[in-house]
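Nothing here was measured: the structure is a model prediction, and the numbers come from that model.
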Amino acid sequence: MTYHSGSRAIQDRVGVRDLADHVGRSVGQGIRPVVAAFLELQPMLVVGAAAPEGGTERDRGAGVWASLLTGEPGFVRATGPHRIAVAGGLAAGDPLTAALATPGTAVGTIALDPRTRRRMRLNGRVRTAPRGFAVEADQVFANCPKYLQKRQTYGTVTGRTAGVPRRGGELSPSQREFVGAADTFFLATVHEHGADASHRGGNPGFVRVESPGELSWPDYPGNSMFLTLGNLAADPRAGLLFLDWTSGTVLQLTGTARTEFTPDGERTVRFTLAEAVETSAASPLRWSPPAYSPANP
């Protein structure tokens, strides 16, 4: 694993460079059989990327987004030692539609299984595929189960149809309530040579709505690689995705984020909103209630 200057700066500030080097040895380019098997069992995948320069006028100014894809298990599968194929596509009007249709786009993906508290991240470049898109992997790695809420089962709601995306420049009262009650969200970031999608979790209320245009959350201890915070140090653009695990509503936010450090070693990330997109019933999946992670503060 080769870290860029943003991640190195955070590692050095926190004093974990040696630990980051050790953990980074687990990051590879190949998709091992155990990874391939895990991916084929998943009914959802989150992708993160920057909207391409050639997108719509609205997308050009939108920056980085995180988006949700769903399908029957097997819709994500390894098609080679360094490539996955994703069948289908994004919902109509999704901000990353153009990005996933553009070969060479840097993309981060995360497959998270709430049933087993496992997650797998695969970052790379978009390639064309017959029934969707493919990703040529640059980085493949797992994360520990910290801060993952367990949801034992899910079902597919027949006839659930995604609504028309609603866009806005600040969070509505109902959206602020949605975010404030979340126990999980997904976070997309980018750097000069790639993109990444990660997960953040905690007990409801761990994400604070400071105003209709600003959120904050604590950065809990993790794997010490500081890929996400390192990306934000190099490029502050960020995309957040909140999922209602029951109704399937998805709230996508794009904007910028910065990390604040306190003398006692705590870290807080502050996010400034540029645009919000809410799509009701975007996911056909209905998950069971959560059992909160014992690692949650």
Quick check: do Asp235 and His191 have side-chain heavy atoms less than 4.5 Å from each other?
no
Would you tell me whether Gln152 and Ser288 have side-chain atoms, one donor and one acceptor, within less than 3.5 Å of each other?
no
Let me confirm one number: the OG1-CZ distance from Thr272 to Arg270, rounded to the nearest 0.5 Å.
9.5 Å
From the list Thr184, Val207, Asp219, side chain to side chain contact (heavy atoms under 4.5 Å, CB included) partner of Arg200 resolves to Asp219
For the side chain of Thr254 and the backbone of Glu275, is there at least one donor-acceptor N/O pair under 3.5 Å apart?
no
Determine whether a donor-acceptor pair (N or O, by modelled atom type, separation under 3.5 Å) exists between the side chain of Ser211 and the backbone of Glu214.
yes
Please find the pair of heavy atoms, one from Asp138 and one from Gln29, that lie closest to each other, and give the distance.
O-CG, 3.0 Å
Can you name the closest pair of heavy atoms from Ala99 and Ala50 and give their distance?
CB-O, 3.9 Å
Applying side-chain contact (heavy atoms from CB on, under 4.5 Å), run through Leu243 and Ser283 and close with a yes or a no.
CA-CA 8 Å; Leu243 169 65; Ser283 168; 4.2 Å; yes
Might you point out which heavy atoms bring Leu112 and Gln42 nearest each other, and give the distance in Å?
O-OE1, 4.0 Å
Taking all atoms of both residues into account, what is the closest heavy-atom pair of Pro95 and Ala51, and its distance?
O-CB, 4.4 Å
Any side-chain to backbone donor/acceptor pair from Thr105 onto Thr102? Under 3.5 Å, distance only.
yes
Within a strict 4.5 Å, meaning less than it, do heavy atoms of the Met44 and Trp287 side chains meet?
yes
Nearest-0.5 Å distance, CG of residue Leu251 to CZ of residue Phe178:
6.0 Å
Parallel, tilted or perpendicular: which one describes the rings of Phe206 and Phe185, with boundaries at 30° and 60°?
parallel
Do the side chains of Val27 and Gln139 get nearer than 4.5 Å, heavy atoms only?
yes
Does atom CD of Glu177 have more than 12 heavy-atom neighbours from other groups under 6.0 Å away?
no
Check for me, please, whether Leu39 and Val107 land in the same ILVMFWY cluster - side-chain distances under 4.5 Å, paths through other members count.
yes
Interatomic distance, Ser67 atom OG to Gln252 atom CD [nearest 0.5 angstrom]:
4.5 Å
Indicate, with yes or no, if Val126 and Leu45 share a hydrophobic cluster defined by side-chain heavy-atom contacts under 4.5 Å among Ile, Leu, Val, Met, Phe, Trp and Tyr.
yes
Would a hydrophobic clustering, with Ile, Leu, Val, Met, Phe, Trp and Tyr connected at side-chain separations under 4.5 Å, put Leu19 with Ile10?
yes
Going by the side-chain hydrogen bond (donor to acceptor under 3.5 Å, both in side chains) test, name the single residue among Thr228, Thr189, Asn231 that passes it with Ser198.
Thr228
Between Asp18 and Gln11, do the side chains contain a donor N or O and an acceptor N or O under 3.5 Å apart?
no
Of all heavy-atom pairs between Ala91 and Thr97, which one has the smallest distance, and what is that distance?
O-OG1, 4.1 Å
Between Arg267 and Trp217, is there a side-chain heavy-atom distance shorter than 4.5 Å?
no
Give a yes or no answer on whether the side chain of Tyr147 reaches the backbone of Asn203 with a donor-acceptor pair at less than 3.5 Å.
no
For Val277 and Arg166, what are the C-alpha separation, side-chain angles and deciding distance, and is it a side-chain contact (heavy atoms from CB on, under 4.5 Å)?
CA-CA 5 Å; Val277 178; Arg166 296 170 45 218; over 6 Å; no
For Arg115, is the CZ atom crowded, meaning more than 12 foreign heavy atoms sit under 6.0 Å from it?
yes
May I ask you to test the Val269-Ser216 pair for a side-chain heavy-atom distance under 4.5 Å?
no
Distance, nearest 0.5 Å, that separates CG of Asn123 from CD of Glu136
13.5 Å
Grouping I, L, V, M, F, W and Y whenever their side-chain heavy atoms are under 4.5 Å apart, do Val190 and Tyr3 come out in a common cluster?
no
Got a second to check how far Leu232's CG is from Thr256's OG1, nearest 0.5 Å?
9.5 Å
Would you sort out whether Leu122 and Ile31 count as a side-chain contact (heavy atoms from CB on, under 4.5 Å), showing the intermediate values?
CA-CA 9 Å; Leu122 186 150; Ile31 302 170; 3.8 Å; yes
From CA spacing to verdict: side-chain contact (heavy atoms from CB on, under 4.5 Å), Leu273, Leu215
CA-CA 8 Å; Leu273 176 70; Leu215 309 178; over 6 Å; no
Verify same cluster id: Leu229, Leu253 (apolar side-chain graph, 4.5 Å)
yes
Give a yes or no on whether a salt bridge exists between Asp113 and Arg119, defined as a side-chain N under 4.0 angstrom from a carboxylate O.
no
Check whether NZ of the Lys or CZ of the Arg Arg286 lies under 6.0 Å from the centre of the six-membered ring of Tyr154 and within 45 degrees of that ring's axis.
no
Where do Asn296 and Gly202 come nearest, in terms of heavy atoms and distance?
ND2-C, 3.5 Å
Using side-chain heavy atoms (C-beta onward) and a distance below 4.5 Å, is Leu69 in contact with Phe133?
yes
Would you confirm whether Arg13, through its side chain, and Phe261, through its main-chain N or O, come within 3.5 Å as a donor-acceptor pair?
no
Taking only residues two or more places apart in sequence or in another chain, which ones pass salt bridge (Lys or Arg N to Asp or Glu O under 4.0 Å) with Arg176?
none
Quick one: are Trp245 and Pro289 in side-chain contact, heavy atoms under 4.5 Å?
no
Aromatic rings Phe186 and His199: how do their planes relate, parallel, tilted or perpendicular, breaks at 30° and 60°?
perpendicular
Got a second to check how far Met1's CE is from Leu227's CG, nearest 0.5 Å?
4.5 Å
Beyond-backbone contact of Thr79 with Ile84, side-chain heavy atoms, under 4.5 angstrom
no
Decide salt bridge (Lys or Arg N to Asp or Glu O under 4.0 Å) for Glu278 and Arg167; before the verdict, give the C-alpha distance in whole Å, the side-chain angles of both, and the deciding distance to 0.1 Å.
CA-CA 7 Å; Glu278 180 181 353; Arg167 296 180 181 258; over 6 Å; no
Any sub-3.5 Å donor-acceptor pair from Gln149's side-chain atoms to Ser293's backbone N or O?
yes
Look at atom CD of Glu192 and say whether more than 12 heavy atoms of other residues, nucleotides or ligands are closer to it than 6.0 Å.
no
